[in-house]
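What follows is a set of notes on a single structure, which appears directly below.
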Amino acid sequence: MRFSATVKLQLIVFLWGFTGVIGKLINLNAVPLVWGRILIAEPFIFIYICFYTKESLLISKRLMLQLLGIGTIIGIHWVLFYGAIKISNISIATATLSTGTLFAAFLEPIIFRRKLKITEILLSIIIIICIGLIFKTEVKYWKGIIMGITCAFLSALFSVINGYMSNKGASSVITFYELLGGFVILNFFMFFEKNWMAIANIERIDILWILVLGSLLTSFPMIATMNLMKYITPFTVMLSVNMEPIYSILIAFIIWKDTEAMSFVFYISTTVMIIAICINGYLKTKNKKLSI
């Protein structure tokens, strides 16, 4: 069963690799795009809770506000991710997203009140060097790089906070309220830059892509990952998720070779970052086992 779960997880991560590709295909700006993504995903998760897990959606007011706040971070994170794709390309957006591990290395000790480890410092140095090389060789995409790095910081922030919140309730219920928080903040953003007008004039093909993005590439992976966590370790999940940028870059290169082709230094730097992140995850898991 564990082997089957691992294979299913790789399929899920492969599907996640298409999120950036679909985002590029949709002829909407980042804000209405993410608004539509959550609008589709949230009902699926609600149905899953009500008819499958049958968990109670009743939580304390304090916890609800906390989850809605985290959801705000998630919503802005998605907007920045698709914004980076729109002003640069998928390769830049997904590569810079890998720097989330760098920020997590510093945020985690602060939130969980522990010392910064030497391996995390070394990982941080490697990632900083790699990003510096990418910035130097792909300077024409500097706006996308900055937006992607900011997106990565928010990704690390909500991931670390979620680690702290994970014992506060069922994962599906937590996910439901977090996405609700993201949807609320996006409704405020929608009032600016004529975003409602963009939704009103949306093309049929874009509606189809948003349906795919919200269901097959958002709600389904979230729900499936929740179930797979019963059979595989968090390390396996983390290690597999690090393959997402690779899948995204390869898929984008196949579809848009001209606009997605990057320098040799970019691909080497991205590969080094991902390998370093995987090694760091392995060492963390090994140290935890030794300490038991």
Side-chain angles (χ1 to χ4, degrees), residues 9 12-13 15-17 19-20 34 37-38 41 45 63 66-82 84 93-114 116-117 119-120 123-124 127 131 147-182 185 217-219 221-226 228-229 232-248 273-274 276-285 288:
L9 178 61
I12 290 170
V13 176
L15 288 176
W16 276 333
T19 56
V34 178
R37 179 183 188 178
I38 300 178
I45 295 175
L63 178 58
Q66 290 174 335
L67 295 177
L68 292 176
I70 297 170
T72 298
I73 299 173
I74 294 173
I76 297 173
H77 152 76
W78 276 347
V79 168
L80 289 173
F81 174 68
Y82 287 108
T94 53
T96 52
L97 190 58
S98 299
T99 62
T101 304
L102 164 66
F103 296 113
F106 290 95
L107 289 170
E108 197 174 296
I110 295 172
I111 293 177
F112 290 96
R113 297 180 181 180
R114 64 165 178 81
L116 187 65
K117 297 176 181 177
T119 54
E120 292 173 336
L123 172 67
S124 301
I127 290 179
I131 286 297
M147 191 173 288
I149 292 173
T150 307
C151 168
F153 170 75
L154 294 180
S155 173
L157 181 60
F158 76 71
S159 295
V160 173
I161 295 175
N162 266 347
Y164 179 78
M165 300 292 293
S166 60
N167 62 345
K168 301 291 184 179
S171 57
S172 55
V173 175
I174 289 174
T175 301
F176 173 81
Y177 281 106
E178 287 181 345
L179 286 185
L180 181 61
I185 191 65
L217 303 181
T218 304
S219 58
M222 283 183 168
I223 293 169
T225 304
M226 292 174 202
L228 291 177
M229 289 296 287
I232 53 181
T233 63
F235 169 69
T236 303
V237 175
M238 184 221 68
L239 191 63
S240 299
V241 168
N242 287 326
M243 291 296 294
E244 182 186 346
I246 296 176
Y247 291 143
S248 295
M273 277 197 300
I274 293 172
I277 290 167
C278 291
I279 291 174
N280 179 65
Y282 170 77
L283 291 175
K284 275 187 176 183
T285 304
K288 283 182 181 179

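Residue F158 comes nearest to S155 through the heavy atom pair CE2-CA, 3.4 Å, listed as atom of the first residue, atom of the second, then distance. Minimum interatomic distance between S219 and A41 (heavy atoms only, all atoms of both residues): CB-O, 3.7 Å. Between F81 and C151, the shortest heavy-atom contact is CB-SG, 3.6 Å. Pairing each heavy atom of S98 with each of M273, the nearest pair is CB-CE, 4.4 Å. In plain terms, the two heavy atoms of V34 and G75 that are nearest each other are CG1-O, 4.2 Å. Scanning both residues, L15 and L217, for their nearest heavy atoms gives O-CD2, 3.3 Å.
Not counting sequence neighbours, the partners of T218 by the side chain to side chain donor-acceptor pair (under 3.5 Å) test are R37. For I149, the side chain to side chain contact (heavy atoms under 4.5 Å, CB included) partners two or more places apart in sequence, or in a different chain, are T96, T99, F103, I131, I145. Considering only residues two or more places apart in sequence or on other chains, I76 meets the side chain to side chain contact (heavy atoms under 4.5 Å, CB included) condition with T72, L80, L154, F189. When the side chain to side chain contact (heavy atoms under 4.5 Å, CB included) test is applied to S248, the partners found at least two apart in sequence or on another chain are I90, T94, E244. S124 pairs by the side chain to side chain donor-acceptor pair (under 3.5 Å) definition with nothing, not counting sequence neighbours. Every residue was checked against the side chain to side chain donor-acceptor pair (under 3.5 Å) condition with Y177, not counting sequence neighbours, and none meets it.
Taking CD of E178 as the start and CD1 of I45 as the end, the distance is 10.0 Å to the nearest 0.5 Å. Within the model, atoms CE of M222 and CH2 of W16 stand 7.5 Å from one another, a figure rounded to the nearest 0.5 Å. With rounding to the nearest 0.5 Å, the separation of CG in L157 from CD1 in I74 is 10.0 Å. Rounded to the nearest 0.5 Å, atoms CD1 (I274) and CD1 (I246) are 4.0 Å apart.
For the pair T175 (side chain) and S171 (backbone), a donor-acceptor distance under 3.5 Å is present.
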Task: Test side chain to side chain contact (heavy atoms under 4.5 Å, CB included) applied to L107 and F153, step by step - done: CA-CA 9 Å; L107 289 170; F153 170 75; 4.1 Å; yes
